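Notes follow the structure.
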Amino acid sequence: MLQKKVVALQKRGETRALWLGLGMMACSAMMYLFIGIVLVPLHRGSVWADEGECNVVTANIKEKVHCSFIEGSEDKNIFHYPCLEIYVNLTHLGQLVMLYHTEITVDRNPKCSYIPPDMENYKKVQQHVEMIRDNFRKHQRFLCHYDPSRKEKSVLFKRLYPPEGLLIAFAWPTVLLIGGILIVILVKLSQYLALVSAKQRRTLI
Ligand SMILES: *[C@@H]1O[C@H](CO)[C@@H](O)[C@H](O)[C@H]1NC(C)=O
């Protein structure tokens, strides 16, 4: 009677462990999918692979340009934030190029060097952007990221998607996958061993 109960409990535990292992494997598969679809293209698009010294040449807030009478271009130059434009000298090449905050800035608005975070009102946004501008006027020398092939002329202040980041992103689902596989193997192994020992007991009796 007691033995039957123990066996039933053991079976339930094994089933749960098996589901846990399979769930972990499924989870890691979804994470791989997400990395493949979302992160890999971002990292591959990040061509600013080398680091070099940049020197600020100009840091200005562009006046708003309104070209409403040119059809179709109505809102293209009207931003909901002051448009900071920073040009730097990539010193070892002696090239004057536009500086962008990150890859996201290039993607979302290549006309401005910096996109401020959403703030309550325009005045605060303006103060924030002016502070950034003044900072760049004060600290003119810094390391920036550039495309070694020079196909992409601009430089980045901060690189969000370096290849090392992808490696870290791949580490998590890999750990999960290995854990899941180990659990499944252990459950199967213990089931197999139980079967073998039961057979042995039967032959002994
Ligand atoms: C950039 O800096 C280099 C070295 O300091 C200088 O020779 C060059 O004239 C500068 N280029 C521009 C466009 O300012």
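Each ligand, and each atom within it, is numbered from 1 in the order the structure gives. On a predicted model such as this, the values are computed, not experimentally measured, just so you know.
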Do you see a protein non-hydrogen atom under 4.0 Å from atom 11 (N) of ligand 1? yes

Modelled atom types, side-chain donor and acceptor of H128 and Y114, under 3.5 Å: yes

Only heavy atoms of G94, strictly under 4.0 Å: list the atoms of ligand 1 that pass. 11 (N)

Would you say atom 7 (O) of ligand 1 makes contact with the protein, given that contact here means a non-hydrogen protein atom less than 4.0 Å away? no

Of the protein's non-hydrogen atoms, which lies at the shortest distance from atom 14 (O) of ligand 1, and what is that distance? N89 ND2, 3.4 Å

protein heavy-atom neighbour closest to atom 5 (O) of ligand 1 works out as T91 CG2, 4.1 Å

When you compare the side chains of N109 and Y81, does any donor N or O come within less than 3.5 Å of an acceptor on the partner? yes

Check the side chains of N89 and T91 for a donor-acceptor pair under 3.5 angstrom, ignoring hydrogens and angles. no

The single option from R133, K62, K111 that satisfies salt bridge (Lys or Arg N to Asp or Glu O under 4.0 Å) with E85 is K62

Short side-chain donor-acceptor distance under 3.5 Å, R159 and S46: yes

